[in-house]
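The structure displayed is predicted, hence computed values, not measured ones. Computed from heavy atoms alone, side chains included, the values below leave out hydrogens, waters and symmetry copies.
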Amino acid sequence: MLVFFIHGVATSNVRYAEPLQRLIQEEFDQLGESRPHFYSCFWANVLKDVGKIWNCIHQDLQELKREYPQTSPDDIFRYREFREGFLSEFGGDFLSYLNPERGAAIRKLIAQQLSDFLTKNPQETELHIITHSLGSVILWDILFSDRFSTEDPAHDIRAVIHGLSESGNIRKVHLKSITTMGSPILFLNMMLEVSPDKLKQFANRYQNQPLRWRNIIHSSDLVAYPLRSSLNLQLSDNIFFRDEYISTDANLAEKAARAVGQFEAALALGVADAHGSYWHCSQTANIVTSNMLGSQGIIRDVINRLDKVRGMTKKMLDFTKDSPTNRTLQSLNFPDKSGILYLVVNPVKVHYIYVYDDKDNCKFAGYVGWMDTDGLKQEVEWIKLNLCAKSRNNPYPKYKKER
């Protein structure tokens with residue numbers, strides 16, 4: 001299993017993915033799975049230094065101060081720290097990528113590094129790509145855009161992925177999953193004009209199981225947006241897609257500002273940290289791992305969520321769901337046939353939860369105390385509505401388990 005990271009804006013450290021890599025390794029270790037091979041692609045050295053632009057801006061502001069001594073540059077040109085940091089780095093990097101020469105240079109670096117990664121792991125056939133920020137837009141452009149000439153490095157990347165190229169003498173791997181974090185594809189694609197039909201065509205021809213794509217959005221990240229409706233995915237498309245939300249505060253300053261109703265201040269205090277938080281987030285690692293190990297379908301998501309319920313005590317109990325002294329409040333069959341959930345209450349009103357796989361093996365059992373019963377019920381209701389409801393917006397009913 002190969003995992004290829006593509007970073008986004010304002011990345012200067014070639015080891016940017018290591019925190020998330022360690023968290024993913026911990027997830028794999030806990031599940032008893034073999035650790036994957038990782039490669040952190042790095043392309044930021046292609047971009048021109050934004051600092052040169054800000055040196056010119058500083059000169060302009062100093063000239064303004066000399067002409068109008070009573071004027072404060074900080075008042076005339078407000079929020080300079082935010083402009084100079086997150087805002088200009090994001091806009092500058094994207095516009096640099098759109099430059100034909102620098103864009104081609106970035107794609108060439110990515111192609112070379114992916115080729116090196118595959119060469120060093122000749123026995124591996126399964127590729128998973130994790131992207132952040134502008135990196136997700138670059139991947140979207142590389143895989144599905146029609147704007148490139150035949151000599152563009154994007155075609156070198158497509159040539160090694162089953163279903164993207166007809167070239168027959170090159171070693172190919174299966175792109176099993178995509179995870180996008182903090183992705184601005186929704187709006188930047190208005191300039192790239194890549195048709196979602198290209199994604200559907202690729203997914204429908206390259207393998208029997210669905211292409212898995214999860215799009216992770218931190219609630220305070222102004223760059224990240226959901227994609228499901230804009231991609232116009234149907235149940236007939238061979239794609240397993242979900243927008244995933246992380247709703248923690250980006251930092252203590254944002255949390256404090258929101259608590260007193262200072263939402264504009266909270267925005268300024270939280271947006272940059274929120275956009276970079278995915279690399280250090282255990283929730284991100286959990287979603288990524290679930291996406292990579294998609295063979296267990298809904299049952300893995302359910303167990304991951306139940307494990308985090310407040311007050312949950314995991315224990316294989318002496319009695320079972322079928323005991324005559326217990327009452328089953330909910331039984332939820334997972335639409336992908338990966339298992340079933342039971343919510344049970346005993347005579348003294350203690351609530352237990354069981355998850356069984358498709359072979360009737362108990363994969364999770366636990367209980368909560370009286371004070372945490374409402375939280376458990378709310379989680380079961382969320383699972384019912386979001387993971388088990390057979391609707392157009394739920395991709396699970398068409399999701400097939402891999403054998």
Side-chain angles (χ1 to χ4, degrees), residues 1-47 85-86 89-90 93 97 106-107 109-121 124 126-139 142 157 173 175-184 212-218 220-221 223-224 244 246 248-252 270-293 304 308:
M1 183 181 292
L2 304 176
V3 181
F4 191 73
F5 295 100
I6 304 178
H7 66 76
V9 300
T11 301
S12 57
N13 185 357
V14 296
R15 304 172 70 177
Y16 63 90
E18 285 189 0
L20 180 57
Q21 177 179 321
R22 286 193 293 268
L23 291 171
I24 294 172
Q25 288 173 334
E26 291 174 5
E27 293 275 344
F28 272 71
D29 291 345
Q30 292 173 8
L31 294 167
E33 299 281 352
S34 299
R35 289 183 174 186
H37 304 283
F38 296 96
Y39 191 104
S40 299
C41 170
F42 189 75
W43 51 264
N45 50 338
V46 172
L47 301 178
F86 177 77
E89 287 172 338
F90 182 85
D93 283 4
Y97 174 72
I106 289 171
R107 292 188 292 276
L109 274 177
I110 295 174
Q112 290 172 341
Q113 293 173 48
L114 179 58
S115 177
D116 289 344
F117 190 31
L118 299 183
T119 300
K120 292 176 181 177
N121 298 278
E124 299 293 336
E126 184 175 311
L127 176 65
H128 304 263
I129 300 180
I130 301 171
T131 68
H132 176 241
S133 185
L134 179 59
S136 66
V137 180
I138 294 174
L139 178 68
I142 286 174
I157 298 172
V173 291
L175 178 57
K176 303 294 288 187
S177 78
I178 296 171
T179 303
T180 48
M181 310 179 300
S183 174
R212 302 190 297 271
W213 181 354
R214 291 195 178 186
N215 180 47
I216 307 176
I217 304 158
H218 190 289
S220 299
D221 184 359
V223 174
E244 303 273 4
I246 296 175
T248 56
D249 290 292
N251 51 45
L252 292 177
V271 61
D273 283 350
H275 190 61
S277 65
Y278 306 93
W279 299 111
H280 307 270
C281 177
S282 59
Q283 287 178 262
T284 297
N286 183 268
I287 294 168
V288 169
T289 301
S290 177
N291 199 28
M292 291 168 59
L293 299 174
N304 285 336
K308 295 176 175 60

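No side-chain heavy atom of Thr284 sits under 4.5 Å from any side-chain heavy atom of Leu23. Side-chain contact check for Leu109 versus Phe42: every heavy-atom pair is 4.5 Å or farther apart. With contacts defined as side-chain heavy-atom distances shorter than 4.5 Å, the pair Leu127/Phe4 qualifies.
Ring geometry, His275 versus His132: the interplanar angle falls from 30° to 60°, so the pair is classed tilted.
Put simply, CD on Gln113 and CG on Leu118 are 12.0 Å apart, with the number rounded to the nearest 0.5 Å. Distance CG/Leu139 to CD1/Ile6: 5.0 Å, rounded to 0.5 Å. A distance of 3.5 Å separates NE2 of His218 from OG1 of Thr248, quoted to the nearest 0.5 Å. With values rounded to the nearest 0.5 angstrom, Phe28 atom CZ is found 4.0 Å from Leu293 atom CG.
Every side chain to side chain donor-acceptor pair (under 3.5 Å) that Glu18 has, sequence neighbours left out, goes to Arg15.
Using a 3.5 Å distance cut-off with no hydrogens or angles, the side chains of Asp116 and Tyr39 do not pair a donor with an acceptor.
Shortest non-hydrogen contact noted between Ser183 and Ser136 is OG-OG, 2.8 Å. Closest heavy-atom contact between Ser177 and His128: OG-ND1, 2.7 Å. Of all non-hydrogen atoms in Trp43 and Gly8, the two that sit nearest each other are CZ2-O, 3.7 Å. Closest non-hydrogen pair, Glu124 versus Val173, comes out as O-CG1, 3.9 Å.
Looking at Arg214 and Glu244, a side-chain N of the basic residue comes within less than 4.0 Å of a carboxylate O on the acidic one, giving a salt bridge.
No option in Ile178, Ile24, Thr180 other than Ile24 meets the side chain to side chain contact (heavy atoms under 4.5 Å, CB included) test with Ile130.
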